[in-house]
Structure formats: structure tokens, C-alpha cells
Amino acid sequence: MGSLGAIVKHPDDLYPLLKLKMAARHAEKQIPSEPHWGFCYSMLHKVSRSFALVIQQLDTDLRNAVCIFYLVLRALDTVEDDTSIATEVKVPILKAFHRHIYDRDWHFSCGTKEYKVLMGQFHLVSTAFLELAKNYQEAIEDITDRMGAGMAKFICKEVETIDDYDEYCHYVAGLVGLGLSKLFHASGKENLAADSLSNSMGLFLQKTNIIRDYLEDINEIPKSRMFWPRQIWSKYVNKLEDLKYEENSVKAVQCLNDMVTNALMHAEDCLKYMSDLRDDSIFRFCAIPQIMAIGTLAICYNNVEVFRGVVKMRRGLTAKVIDRTKTIADVYGAFFDFASMLESKVDKNDPNATKTLSRLVAIQKTCRESGLLNKRKSYILRKENGYGSTLIIILVLLFSIMFAYSSATRHSN
Ligand code: D61
Ligand code: MG
């Protein structure tokens, strides 16, 4: 659907979309003038528009550390993801990456498009890294070391069991959660969160990506990449690629629902992590991606389109999430709404229906027990399938003008 069509169907997307556009424009104007910091921030905008927006609202000193943390790990991930690099070249780079960040002369060319630019100019990221406070540098180095070693381990190893799946996701995303918690603590704004909760924040996001990106990853050239654990998909098909063929649609959707049910396990830890945050901008930075994740799971669940193309949240809905996520009450509200949407999509004949429903009920219970549900402006699902407030306001205005006009003409007669 074109953007105009989307707005006619969801008129109350218009205001948050415009607001988001202005915020993005404002953020791009704020790019620092020193060349290395300028490069880092403009790279951040090119590589991840959504993370760039949430990072932008952190205070300068923490923002710089998070920006470099992001770019260092994105560069490491570019090495991991480049399927054209031979294993014997790739593994040593992944393992030594945490040392390369201190070396302004280190350089390795790989990746495509904006990732290629990031790798080509990596010395500018190193230069900025070396200007960070020592405690930030140490946290970034430690996570880069552990992530690189974990990625190297999985270069030669497939994700077989659910434990392997959790272990892989720990390396590539759970560790980001641990590192961020360290940076938040180092900034003096937050208490240090428990590792298991920080890990869950990353697992929930990574598992959502892995579910949503099935088709893109399986079709990867020259070699497909597979992250769905055999222990789950082997219950439904003989080979992971069989899920994409039309004749297996029923099994494919059951497998997808099994994967979504697995991801939902982390939702309650995420709610606990977010409810412990005290700083407003750190809170928003953490909460926005989490709400997008549960929203993405809700649209992917029981949806065969995941095996046919890209299933993504509407841009307008994303803009609404960014606009309306201010407090923990908004998070409970969004999790409650998306859990309800998921609940309405569960088919009684799905092999995991009971398990899925019990996870959803648990999430709804946590949200209800917060005592904050009725304090919210009702959220996402509101007016999702009708005409929104904008249209109603326009109609009311139109009618009042007509009424005023007709009564004015009546009085003059
Ligand atoms: C609070 C706020 C943000 C959080 C968090 C807690 C906990 C964890 C994360 C963000 C990380 C979530 C990663 C989810 C997206 N997955 C990927 O990008 C995959 O690559 C993983 C390795 C590189 C991680 C780089 C990263 C990502 C987000 C960050 C960050 C670093 C630093 C600070 C803030 C956020 C994925 O990438 C390709 C793709 O998704 O298409 C992959 O290769 O599997
Ligand atoms: Mg990767």
C-alpha cells in the first residue's frame, strides 16, 4: 500500500508521522562538526534509522558511548554476516576485533553499501572510541571480546537445540543488553541491572528479528544463513527451507507460532528490566525497541506472509509507538494490547495453542497487576480498524461551519 493509501486508512498516523519526520530532520542537523564524530553520527543514521532516533535523545556523554558501542558491534557483525569471507580468515578477525578498536591503523574491507563505508573508514570509529572515558572503553572492549568469541564459535556450528539458539542470541544480542546496562550504570544514572534481565532484553529483540527475517536469511547469497533451531523446525518439516514452499503452509505457520511462543518467554523479564529504570531518556531508549518487538511478533503470528515476503509494522504505527512511549504505564499498555491481539489470533487447533495462551495470560496478568493499565491513554489498538479522530474532527468542523452559515443566513432573512 502506498503511503497516501496508508494515511487514508489510518488518518491518526499522520500527526505522529509528521512529528517523526521533523525529529529526524532535527537530528540530522545536530551532527557534530569534528570529522570523526561527524562520521560516526552520520553512519549511525545511515545504518539504523530507528536506533539513531532513540539514541539521539540520550544525554551527550552517554549518547557518544552508545553510538560508538553500536558502530563497533555493527562492524563486528558486518564481518560475521559477510558470507563471502573464508572461515579461516573470518574466525581470527572476530576473535581479535576487541584489540583492533584501539588501533587507528587497523583496516579490513568487507560488507556492502553503507556497511562497506563503515568498514573502510573504521579508523574514524577508533579515533572516537579512544576519546571516550576509560570505564566506557572497558565495557565496550569486554563485550566486543565476548561477542567476537561467541560469533567465531557459531561460524562452524549450526543452531541445533533450543539451548544453542539461546546461546547464539546471548552472544549477538544478550551481550548488548549486558553492555548497555554497564554503560547506563557508568553514566551514574542507573543502578546496575541483573545480567539475566539485561540478557532477556537482547534475546527478545534478536529472536523477533530472526523470526521476521526467515525468508531474507534463507535466500541469502552465496549461502543461506539459518538461525531457527532444528529442535523446533524438525517437528514440522525435514529441511528448514521446506517452510517456504506453498504446499507446506500449514506446517510452516505452526512452526512460526512455535517460534513466537518461544520468544514470548522473555517478555516478563523485559517488563521487569524496564520497570527498574529511573532516567526518562534511558527508559525511552530501552522501551521503544521492545514495544516494536512485541508488535512485530503480533503481526507475524499465524501469518503465512512471513514465508512469502517482508512482514513489518506500518511506518505510521512505528511513529505512533515513538510518539506515545513516555512512561512505564505506556509500556504495560502496549504489551497488554499486543498480548490481546495475539490472543485473538490463536487458533484452537494449533499444536501449541495452550502454551501460547498461557504465556499471553501471564503477560496480561503482569500488566494488570502493575495497577497502571487504566491510567494510560488507550493505546495502539484504538481505532486501528475504523476512521480515526482526525477524520471525525474534520467532519465536526465541516458541519459546524455549515450550521453556522445556515443559521446566519436564516437570521438575516
Ligand atoms: C535496550 C535497548 C536496546 C537494546 C537492548 C536493551 C538490548 C540488546 C540490544 C539492544 C541489541 C539487539 C540486537 C537486535 C538486532 N539484531 C541485530 O542487529 C543482529 O546483529 C547482532 C550483532 C550486532 C549488534 C549490534 C547492536 C544492535 C543494537 C544496539 C547496539 C548494537 C548497541 C547499542 C544499542 C543497540 C542482526 O543484524 C542484522 C539484521 O538484523 O538484519 C544479525 O546479524 O543477526
Ligand atoms: Mg550477524
Side-chain angles (χ1 to χ4, degrees), residues 17 20-32 36-58 60 62-82 97 101 110-122 124-125 128-129 140 143-144 147 151 169 171-177 179-180 183-184 201-213 216-217 225 227 281-282 284-296 310-315 317-319 321-323 325:
L17 271 171
L20 187 63
K21 215 162 192 108
M22 310 263 280
R25 206 171 286 167
H26 178 72
E28 279 185 64
K29 266 196 254 151
Q30 279 196 315
I31 288 178
H36 52 298
W37 285 105
F39 174 79
C40 289
Y41 279 98
S42 63
M43 210 59 237
L44 180 68
H45 285 280
K46 289 198 187 88
V47 175
S48 170
R49 239 187 314 154
S50 50
F51 270 121
L53 271 168
V54 285
I55 287 178
Q56 205 58 43
Q57 35 115 40
L58 295 170
T60 321
L62 180 60
R63 188 209 297 149
N64 286 344
V66 173
C67 173
I68 299 307
F69 187 40
Y70 179 84
L71 293 175
V72 165
L73 298 181
R74 186 49 70 210
L76 179 69
D77 184 53
T78 303
V79 177
E80 187 212 18
D81 290 357
D82 189 330
F97 207 86
I101 53 183
C110 68
T112 58
K113 295 179 273 182
E114 58 273 24
Y115 303 98
K116 198 182 172 74
V117 180
L118 172 65
M119 297 311 292
Q121 303 291 100
F122 194 74
L124 295 171
V125 179
F129 170 79
I140 295 172
I143 298 301
T144 309
M147 189 182 291
M151 284 172 164
C169 292
Y171 294 137
V172 302
L175 285 172
V176 179
L180 285 170
L183 299 180
F184 300 160
M201 289 288 283
L203 261 59
F204 193 58
L205 301 179
Q206 183 64 19
K207 287 184 174 183
T208 301
N209 268 18
I210 288 178
I211 292 168
R212 185 198 61 195
D213 295 342
E216 198 183 305
D217 290 337
R225 304 168 355 128
F227 303 113
S281 73
I282 292 178
R284 273 169 56 80
F285 171 76
C286 292
I288 291 166
Q290 296 292 325
I291 297 179
M292 307 278 286
I294 195 169
T296 302
V310 193
V311 176
K312 262 197 175 161
M313 266 171 60
R314 234 182 34 250
R315 265 192 71 69
L317 192 48
T318 305
V321 169
I322 295 176
D323 186 43
T325 306

Asks: Show your working on side-chain contact (heavy atoms from CB on, under 4.5 Å) between Met313 and Val321 and close with a plain yes or no.
Replies: CA-CA 11 Å; Met313 266 171 60; Val321 169; 4.1 Å; yes

Asks: Looking only at atom types and distance, does a side-chain atom of Gln290 sit under 3.5 Å from a main-chain N or O of Ala287, one as donor and one as acceptor?
Replies: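 It does not hold such a pair.
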
Asks: Just wondering, do Val79 and Met151 contact through their side chains at under 4.5 Å, heavy atoms?
Replies: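 No. Closest side-chain heavy atoms not under 4.5 Å.
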
Asks: Would you check if Leu118 and Leu71 make a side-chain contact, meaning some heavy-atom pair closer than 4.5 Å?
Replies: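 Side-chain contact under 4.5 Å: yes.
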
Asks: As a quick check of understanding, evaluate side-chain contact (heavy atoms from CB on, under 4.5 Å) for Leu20 and Arg315, giving each step before the final call.
Replies: CA-CA 10 Å; Leu20 187 63; Arg315 265 192 71 69; 3.9 Å; yes

Asks: Of all the heavy-atom pairs spanning Ala128 and Ile68, show the shortest one and how long it is.
Replies: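 Distance-wise, the nearest heavy atoms are CB-CD1, 3.6 Å.
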
Asks: Within the structure provided, determine whether Tyr41 and Asn64 are in side-chain contact (heavy-atom separation under 4.5 Å).
Replies: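 They are in side-chain contact.
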
Asks: Looking at every non-hydrogen atom in both residues, tell me the closest pair between Thr144 and Ile101 and how far apart they are.
Replies: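 That would be OG1-CD1, 4.4 Å.
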
Asks: Any side-chain heavy atom of Cys169 within less than 4.5 Å of one from Ile210?
Replies: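 The answer is yes, as the side chains (C-beta and beyond) meet within the 4.5 Å cut-off.
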
Asks: Answer yes or no: does atom CZ of Arg49 have more than 12 heavy-atom neighbours from other residues, nucleotides or ligands under 6.0 Å?
Replies: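 Open.
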
Asks: Ignoring hydrogens and angles, tell me if any N or O in the side chain of Arg284 forms a donor-acceptor pair with the backbone of Thr325 under 3.5 Å.
Replies: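 The answer is yes, because a donor-acceptor pair under 3.5 Å joins these two groups.
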
Asks: Of the non-hydrogen atoms in Gln57 and Val54, which two are nearest, and what is the gap between them?
Replies: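 Heavy atoms of Gln57 and Val54 come nearest at NE2-O, 2.9 Å.
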
Asks: Looking only at non-hydrogen atoms, find the nearest pair between Ala293 and Leu205 and report the distance.
Replies: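 Answer, listing the atom of Ala293 first, then Leu205: CB-CD2, 3.8 Å.
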
Asks: Hey, what do you get for CG (Asn209) to NZ (Lys207), rounding to the nearest 0.5 Å?
Replies: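 Rounded to the nearest 0.5 Å, the CG-NZ separation comes out at 13.0 Å.
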
Asks: Closer than 3.5 angstrom, by distance alone: can the side chain of Ser48 be matched with the main-chain N or O of Leu44 as a donor-acceptor pair?
Replies: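 Pair absent, no side-chain N/O of Ser48 close to backbone of Leu44.
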
Asks: Count the heavy atoms belonging to other residues, nucleotides or ligands that lie under 6.0 Å from CZ of Arg63, then report whether that count exceeds 12.
Replies: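 Correct, the count exceeds 12.
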
Asks: Is the shortest heavy-atom distance from the side chain of Val176 to the side chain of Met147 under 4.5 Å?
Replies: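 The answer is yes; the side chains approach within 4.5 Å.
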
Asks: Which atoms form the tightest heavy-atom contact between Phe97 and Val72, and what is the distance?
Replies: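 The answer is CE2-O, 3.7 Å.
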
Asks: Any non-hydrogen side-chain atom of Thr208 less than 4.5 Å from a side-chain atom of Met292?
Replies: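 The answer is no, as the side chains (C-beta and beyond) never meet within the 4.5 Å cut-off.
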
Asks: Keeping the roles fixed (side chain from Ser42, backbone from Phe39), state whether a donor-acceptor pair exists under 3.5 Å.
Replies: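 Yes; judged by distance alone, with no hydrogens or angles, the pair exists.
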
Asks: Please state whether the rings of Phe51 and Phe285 are parallel, tilted or perpendicular, taking 30° and 60° as the class boundaries.
Replies: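 Because their plane-to-plane angle lies in the 30° to 60° range, the rings of Phe51 and Phe285 count as tilted.
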
Asks: Is there a side-chain contact between Tyr70 and Val47 (heavy atoms, below 4.5 Å)?
Replies: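 Touching, per the 4.5 Å side-chain cut-off.
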
Asks: I'd like to check Gln56 versus Gln30 (side-chain heavy atoms, cut-off strictly below 4.5 Å). Are they in contact?
Replies: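 Sidechains of Gln30 and Gln56: in contact.
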
Asks: Supply the atom-to-atom distance His45 NE2 to Cys67 SG, rounded to the nearest 0.5 angstrom.
Replies: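 Answer for the NE2-SG pair, His45 versus Cys67, is 8.5 Å.
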
Asks: Considering non-hydrogen atoms only, spot the tightest contact between Phe69 and Gly179 and give its length.
Replies: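 In this case the closest contact between Phe69 and Gly179 is CZ-CA, 3.9 Å.
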
